[in-house]
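Shown next, in structure tokens, is the structure this report addresses.
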Amino acid sequence: MEASAVYLCSATPAFAIVSLPPRPSLPRPLSGRFIKKSRKNVCRRFALSKTLQESHVSASSTSSSSVSASPVTAKPSFDSPARRAAVAEVKASPDPISVLPRVEGVLQVQDYNNLIRYFGESRRWNEISQLFDWMQRHGKLDFASYSSFIKYMGISRSPIKALKVYDSIPDKSMKINVSVCNSILGCMVTNGRLESSMKLFEQMKDDGLLPDLVTYSTLLSGWIKVKNGYCKAMRLVQELRSKGLHMDSVIYGSLLAICASNNLCEEAEMYFQQMKNEGHPPNVFHYNSLLNAYSVDGNYMKAEKLVTDMKASGLVPNKVIMTTFLKVYARGHLFEKSHELLSELEALGYAEDEMPYCIIMDNLAKAGHLSEAKRIFARVKERDVKSDGYSYSIMISALCRSGLLKEAKQLAKDFEGKYDRYDLVMLNTLLRAYCNAGDMESVMQMLKKMDELSISPDWNTFHILIKYFCREKLYHLAYRTTEDMYGKGHQLNEDLCSSLILQLGQSGFPSEAFSVYNMLKYSKRTLCKSLHERIVDILVAAGLLKDAYIVVKDNTPLLSEKCLERLAISFMKSGNINLINDVLKALHLSSYRIGPDIFHMAVSRFIAKPGKKDLLLQLLQWMSGHGYCVDSSSRNLLLKNAHIFGHKQIVAEILSKQYMMSRKTGSWNAKK
DNA sequence: CTAGGGTTAG
């Protein structure tokens, strides 16, 4: 089968459908910008270097001693030439750590802190770790040492290491020092560990931390680009108010940004006003956030007024303000105005990177002006604008949306030839282009690339692939990918799964179809009605009657009579005999009318298996209790085989009771 | 020189 053929070439690393021989070594360096955009992947990408750093720390941090006991003999005066010379020597040395023993008696804690900052600012993570380790062993630490070191661990994306150091702080009062706490919280936030930082914050307060405005602003900044971040932000704002703190311009800046990214225009306006009322004059960042909030709906009227106000207040629109303004116009489909702004940006030398072009291009394409978007794209190339590939991404997506699949694929290939850097969004874009063009080979290459770069697939990746595999009729592969998607905790897409279930059923994979149904059920609260019926039919057709019964039992009111009938017939014929009565009881609870033929089939099954006579008796009694009556052929069959019950009398009594009842109601079935 | 923030693109 085709599907398994694709799987044959693939064991399962990070991504279940790609195989790669050995794990790649360290990934190629990416631009800081790309790294910043996808924090989630950064952790994975730097896994190796992090491990290296950590093994370093664990070898040394065990010996951390207390803060105060430093064996300084000669205490040189503040900022003495000897100290300055020693600091300079350490800074200049190619192996700074080797210099430390020699200058141990000269350097003060502040000098070590100075060195931490120096190595931190020059991004020399190895030196900073070794230095800090030395300081720990020699007890040359104060709160500023912890604060700075943790800050740089945050910048070097080593939050685990920062946490270890924080945990290793022996002094309780040091652990609730507000600077140290702010550092570690900031470190966690900038490394995407929002939830942990909130937990840690609670713990710190329990231990006696008195948070200040910086603490709140640090935590607030984490919620800026998180969906529903506004709610979390509000809780923090309430808390800071309840502690008698007053919001400052920084806090307002974060709040405005949160409002803008959460699409909350009115709230943004409210905070902007409130800020002014409280005597904090807005700066370009505040203006930009509000402008950005206006851009969501392309509200250029308000934006124009805001820019006028801003100029009146003496602020000069900078590149960012102009670009955001351009975005307002583009979103509002005032393309001429946005073109004007673009020309202005170009004239001022503010259009040296692709950002403003991207904004116009994307909005042009989305408004249906593909050829104009292409013209802008050409302008990017002509003017030799610095590009990280976003313009490609935008155009490839635009071409895909317009159904120009070959062109999209060609552009994707162009990108790959020209750039050697990928992030998740770019990979998804290329993947989509290749999938749409039906280029399996390139699809597989993209998946490999993803694995090489240790970029984990996201919801989009899975969705693109599953859709593609379905289209290519690789249903089993689509199934495996769905399993993978579910296993990685992604919400499944109902429409896609629904069609996959149908296809799996039709191509001989009923169990897989059932599995997809169950995954979908567990990842969504309510499913489309018809889906239950669809899976029941598939299971019945495949003879997976027990599974079918389970679905029916849970969803009886949602199933049609015909569907129930099909299950009833099949189950009576070949379902597990021990469940026959249960199935009938379940059917009774639905609107389905159990007919005499169904009962006849059940009776025949039981008669053929005398060992199940108790079940047969239970059935007959249940029928009487619920107004059902066997038909004459069942009746004859039962009488003829009455011996199996031991006492013939029992069955005769039941049958006569049913008969009397049916004469009263005039039908075999008392149910309306 | 102890800690925080807000900018625009796929």
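Protein chains get the first letters and strands the later ones, always in sequence-line order, with residue 1 at the start of each.
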Would you mind telling me which of [options] lies closest to the side-chain atoms of [X]?
{"X": "A/L213", "options": "B/dG4, B/dG6, B/dC1", "value": "B/dG4"}
{"X": "A/N182", "options": "B/dA3, B/dG5, B/dG10", "value": "B/dA3"}
{"X": "A/S147", "options": "B/dG5, B/dG10, B/dA3", "value": "B/dA3"}
{"X": "A/M426", "options": "B/dG10, B/dG5, B/dA3", "value": "B/dG10"}
{"X": "A/S221", "options": "B/dG5, B/dA9, B/dG10", "value": "B/dG5"}
{"X": "A/T324", "options": "B/dT8, B/dG4, B/dG10", "value": "B/dT8"}

Task: Distance between P atoms of B/dC1 and B/dG5 (Å, rounded) - done: 15 Å

- [ ] Tell me whether A/F285 is stacked on the nucleobase of B/dG6, counting only the six-membered base ring and applying the 5.5 Å and 30° thresholds.
- [x] yes

Please state how far atom [atom1] in [X] lies from atom [atom2] in [N], giving the value in whole angstrom units.
{"X": "A/D248", "N": "B/dG4", "atom1": "CG", "atom2": "P", "result": "14 Å"}
{"X": "A/Y271", "N": "B/dG6", "atom1": "OH", "atom2": "C1'", "result": "15 Å"}
{"X": "A/K151", "N": "B/dG5", "atom1": "NZ", "atom2": "C1'", "result": "14 Å"}
{"X": "A/R331", "N": "B/dA9", "atom1": "CZ", "atom2": "C1'", "result": "10 Å"}
{"X": "A/I394", "N": "B/dT8", "atom1": "CD1", "atom2": "P", "result": "14 Å"}
{"X": "A/L256", "N": "B/dG5", "atom1": "CG", "atom2": "C1'", "result": "11 Å"}
{"X": "A/D212", "N": "B/dG5", "atom1": "CG", "atom2": "P", "result": "13 Å"}
{"X": "A/D362", "N": "B/dG10", "atom1": "CG", "atom2": "P", "result": "5 Å"}

- [ ] Report yes or no: is the cationic atom of A/K175 (NZ for Lys, CZ for Arg) under 6.0 Å from the centre of the six-membered ring of A/Y166, at an angle within 45° of the ring normal?
- [x] yes

TODO: Name all residues meeting the side chain to side chain donor-acceptor pair (under 3.5 Å) criterion together with A/R383; count only those two or more places apart in sequence or in a different chain, and write none if there are none.
DONE: A/E346, A/Y357

Heavy atoms under 4.0 Å, any strand shown: does [X] hit a base, just sugar-phosphate, or nothing?
{"X": "A/N114", "value": "nothing"}
{"X": "A/N318", "value": "nothing"}
{"X": "A/T429", "value": "nothing"}
{"X": "A/L185", "value": "nothing"}
{"X": "A/S393", "value": "base"}
{"X": "A/S145", "value": "nothing"}

[Y]/[X] salt bridge by N-O under 4.0 Å criterion:
{"X": "A/D362", "Y": "A/K366", "answer": "yes"}
{"X": "A/E202", "Y": "A/K205", "answer": "yes"}
{"X": "A/D439", "Y": "A/K409", "answer": "yes"}

Does a side-chain N or O from [X] land closer than 4.0 Å to OP1 or OP2 of [N], or not?
{"X": "A/K327", "N": "B/dT8", "answer": "no"}
{"X": "A/K366", "N": "B/dA9", "answer": "no"}
{"X": "A/K319", "N": "B/dT8", "answer": "no"}
{"X": "A/N292", "N": "B/dT8", "answer": "yes"}

- [ ] Ignoring hydrogens and angles, answer whether the base of B/dG10 and the side-chain atoms of A/N428 contain a donor-acceptor pair closer than 3.5 Å.
- [x] no

- [ ] Classify the side chain of A/T218 and the base of B/dG4 as holding, or not holding, a donor-acceptor pair under 3.5 Å.
- [x] no

Open item on the list: Under a 3.5 Å threshold, yes or no: a donor from one side chain and an acceptor from the other, between A/E416 and A/Y392?
Closed with: no

Task: Modelled atom types, side-chain donor and acceptor of A/K91 and A/N114, under 3.5 Å - done: yes

